[in-house]
Structure formats: C-alpha cells, structure tokens
Amino acid sequence: MENKKHFRLAVIPGDGIGEEVISEGLRVVEHLSKTSNKFTFESDYFPWGCEYYLENGKMMDEDGLEKIKNHDAIYFGAVGYPTVPDHISLWGLRLSICQGFDQWANIRPVEFLPGVEGKLNHPNKEDLNWILVRENTEGEYSGVGGRNFTGRGPGKEVAVQSSVFTEEGCERIIRHAFELALKRKRKKVTSVTKSNAQQFGMVLWDDVFKRVSKEYPEVETDQWLVDAMAARFVLHPEELEVVVASNLHADILSDLGSALAGSLGIAPSANLHLDGRFPSMFESVHGSAPDIAGQGIANPIGTIGSAALMLEHLGLTEEAHLINEAIRSTTRGGILTADIGGTNTTKEVTDSIISHISSLYAKV
Ligand code: GGG
C-alpha cells in the first residue's frame with residue numbers, strides 16, 4: 001500500500017504490571033499493523049523504573065529525554081514499587097517526562113463498558129461517558145517548596161508545598177477542554193477548583209475559565225468546587241461531559257470515575273504535547289499494582305485503550321475506533337479479568353480483543 005505510515009515508539013513498561021500490560025498492548029498494535037496494512041512501527045525499549053533505580057541510583061538515564069525526544073510517541077506502563085519511595089519514582093520518571101516534554105493535556109476518558117457491573121447505581125449506565133481533562137504540568141505538581149525549615153528543635157520541622165498556576169497554563173488547558181466539547185453531542189464544559197479556600201491560583205483559574213468561555217457561546221458551562229464535584233460524579237453522572245481540573249483534582253476525580261465504571265484497570269489516558277516539539281505519552285490510568293504483578297491477571301484494557309488514543313493521535317482514527325469497538329465486544333461477551341468480576345487472564349482478554357478486531361475487519 002502506498003503512503004504507509006511508519007512510527008517509532010519509545011516503550012517504557014516501568015514497574016509491576018507495567019510489563020505485562022504493555023506487551024499485550026503491543027500485540028494489539030502489531031495485529032492492527034498487519035491487518036490494516038496502513039502502518040508499520042518499531043519499538044525501542046527503555047528499562048527505566050524502580051529496578052533500574054535500585055541498580056543505577058536513578059529512575060531513568062540522565063540523557064533519557066534526549067534518547068526519546070525524536071520518537072513519534074511514548075507507550076508507558078506504570079511507575080512505582082514498594083522498594084522505592086513513591087515521590088522518588090514518580091518524579092524520576094512519569095513527571096520528568098510529562099513536564100520535560102511539556103505534555104500539558106492529560107486526557108482521561110471515563111467509559112462504562114457493556115458487561116461490566118461497575119459500582120454506580122444508575123438506570124442508563126451504558127449511556128454515560130465523560131472526559132476528564134487534567135492540567136498536566138503545573139498546579140499542585142509544580143514541585144515548588146522544601147523541607148528546609150529545620151533547626152527549630154525536634155518535632156518542629158516545617159515543610160512548604162506550593163501550587164503554581166500560570167495564566168497561560170490555565171488558558172491552554174481550559175481552551176483544550178472547550179475544543180473537545182465542540183466535538184461532542186452535548187457541548188458542555190465543567191470546571192472544577194477549590195477557589196473558595198485557595199484564593200490565588202484557583203481564582204485565577206476561575207477568571208480564565210470565565211474569559212475563555214465567552215469565546216465559546218455554543219458550549220454550556222458550569223463550575224463546581226472539587227468536593228461537590230466528587231459527590232456529583234456519584235449522584236448526577238449524566239451531567240458530566242468534559243470536566244477540566246487542575247493536576248491533583250483531576251487525578252483524584254479520574255480514579256473516582258474509573259472506579260465507578262468498574263475498575264482503574266479499564267481507564268486509558270493520553271499525555272499530550274500539542275505544540276509540535278516533543279512526543280506525547282500514552283498510559284493506562286492505573287499504577288503498577290504490585291499485589292498482582294507477575295500473576296498474568298492484570299486487566300490490559302486500560303493499556304490497550306491507551307494504544308487506541310495513541311493511534312488516534314498518530315492519525316489512525318479508524319484503527320483507534322476498531323480497538324475501542326473490540327474492547328466493547330470483549331466485555332459484552334463476558335471476557336473479563338478479576339478486577340471487573342471475571343476469571344479471564346490478561347492474555348485471554350487480549351486474545352479476545354484481537355479476534356474481535358479480525359472479525360470487524362472481515363466485515364469492512
Ligand atoms: N500509569 C500511570 C501510573 O503509573 N501512575 C503512577 C502514579 O502514581 N501516578 C500519580 C500521578 O501521576 O499523579
């Protein structure tokens with residue numbers, strides 16, 4: 001086929017179940033590459049993570065960003081293991097990449113898959129789906145602060161952790177949320193802050209939200225405090241379309257959303273750099289799940305769904321759509337890992353997704 005695209009993927013399985021789910025995601029991409037005949041890809045593996053830290057004293061190579069900056073995309077597993085303090089593993093790998101590559105938009109769709117029981121008591125569960133848009137480079141994750149205020153005597157240490165909100169940072173993520181809303185049937189953006197208590201950064205966010213919203217008169221808007229929004233996720237999920245929030249708030253709300261939909265194991269995400277200088281990174285929302293690592297029972301759906309987001313980002317919209325259809329057919333058919341009430345293995349779920357992709361192609 002002419003004009004076949006070729007992609008170079010930087011693959012970072014990371015820790016715990018990261019390796020198991022990433023290899024399944026790559027199996028799906030490989031299958032699509034052969035079946036669609038529209039693209040080829042190569043994978044460069046990077047063994048970064050907690051084991052690497054224990055051997056080398058760092059989570060990734062010093063010139064790690066340099067090594068992956070010319071790849072077309074980064075496919076990431078999970079980070080964190082009990083052998084390394086969480087703040088070291090998170091800052092040393094995931095945050096270094098997201099912040100170093102200015103991946104400012106973390107897109108986290110919440111979908112209620114057919115055949116998955118879920119934890120939400122709602123009459124039209126399968127009609128529910130919303131997108132969390134997480135600011136991904138600043139806010140509470142700015143890393144500003146210190147534990148330098150010692151010398152006051154035992155038990156009297158003081159630590160400072162500051163949030164940084166820039167007008168540009170707020171504006172680009174809020175604008176992105178509005179642009180996503182324009183593509184949806186119900187055009188609505190909900191902004192979440194805690195601006196009653198955090199009277200500087202989050203009031204700036206609210207002001208920017210009001211200003212940007214005036215440019216999108218066709219988009220409905222509302223604004224909620226994060227505590228009320230947590231309740232709204234449970235009580236009125238049908239009101240959610242595109243929800244935009246700060247780094248920390250959206251992280252917490254997206255865990256709540258995917259848990260309501262059944263499990264963190266089914267939640268995909270994209271860390272997007274949209275200004276053309278760096279690659280974007282695709283990863284499931286879940287962490288490394290050390291308690292089930294190595295058992296072959298981790299849910300691969302979040303990571304396979306993240307491959308769909310990656311292909312969409314690379315211009316392969318049809319292939320991305322096929323992956324998502326195949327995921328739905330798999331759960332609808334009762335092929336489920338334990339976290340969503342089944343007994344299937346990681347591999348069996350992937351096999352089913354691959355076989356549904358083949359059937360979908362046979363119909364085209
Ligand atoms: N695949 C996502 C992942 O590994 N997350 C690890 C984690 O602890 N993330 C916390 C955060 O990014 O706020």
Side-chain angles (χ1 to χ4, degrees), residues 9-26 46-53 59-60 73-110 132-144 161 163-164 173 192 226 245-259 263-273 280-293 298-310 339 346:
L9 304 183
V11 177
I12 309 173
D15 302 316
I17 59 169
E19 179 72 54
E20 298 161 53
V21 288
I22 280 286
S23 57
E24 298 303 289
L26 287 172
F46 297 90
W48 301 330
C50 290
E51 255 179 63
Y52 190 85
Y53 178 86
M59 288 294 293
M60 65 192 287
I74 304 161
Y75 195 35
F76 189 86
V79 65
Y81 216 68
T83 46
V84 178
D86 285 340
H87 64 281
I88 290 182
S89 56
L90 188 64
W91 274 99
L93 195 55
R94 184 181 176 274
L95 297 186
S96 288
I97 297 171
C98 292
Q99 299 193 358
F101 285 162
D102 199 19
Q103 293 166 345
W104 49 268
N106 185 199
I107 308 303
R108 297 183 158 196
V110 176
L132 262 154
V133 178
R134 174 187 185 187
E135 197 296 312
N136 212 30
T137 52
E138 54 179 51
E140 308 87 342
Y141 283 55
S142 299
V144 175
Q161 187 86 48
S163 298
V164 174
I173 196 69
V192 178
V226 65
S246 69
N247 219 327
L248 180 63
H249 290 171
D251 185 45
I252 296 167
L253 288 174
S254 74
D255 276 24
L256 174 59
S258 37
S263 166
L264 262 70
I266 59 174
S269 89
N271 300 283
L272 300 178
H273 168 78
S280 296
M281 179 162 80
F282 301 83
E283 56 165 351
S284 52
V285 167
H286 67 70
S288 61
D291 53 330
I292 56 160
N299 195 331
I301 287 180
T303 302
I304 294 172
S306 304
L309 292 173
M310 179 167 74
D339 57 317
T346 310

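A quick note: this is a predicted structure, and the numbers were derived from the prediction, not measured. Both ligands and their constituent atoms are indexed starting at 1 by order of listing.
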### side chain to side chain donor-acceptor pair (under 3.5 Å) pairs, two or more places apart, involving residues 281-291
Arg94-Glu283, Asn271-Glu283, Ser284-His286, Ser284-Thr303
### side chain to side chain donor-acceptor pair (under 3.5 Å) involving Asp255 - partner list, sequence neighbours excluded
none
#### Entry: CE-OG distance between Met281 and Ser269, expressed to the nearest 0.5 angstrom
8.0 Å
### Task
Enter the distance from Phe282:CZ to Ile107:CD1 here, rounded to the nearest 0.5 Å.
10.0 Å
### Query
With no hydrogens and no angle check, is any side-chain donor or acceptor of Ser306 less than 3.5 Å from a backbone partner on Gly302?
yes
Please tabulate protein-ligand N/O pairs under 3.5 Å for ligand 1, atom names and distances to 0.1 Å.
unit_1, atom_1, unit_2, atom_2, d
ligand 1, 1 (N), Gly77, O, 3.1
ligand 1, 1 (N), Glu283, OE1, 2.9
ligand 1, 1 (N), Ser284, O, 2.8
ligand 1, 1 (N), His286, O, 2.9
ligand 1, 4 (O), Val79, N, 2.9
ligand 1, 12 (O), Arg94, NH1, 2.8
ligand 1, 13 (O), Arg134, NH2, 3.0
ligand 1, 13 (O), Tyr141, OH, 2.5
ligand 1, 13 (O), Asp251, OD2, 3.3

Under 3.5 Å donor-acceptor pairs involving side-chain atoms of residues 83-93, not counting sequence neighbours:
unit_1, atom_1, unit_2, atom_2, d
Ser89, OG, Asp86, O, 3.2

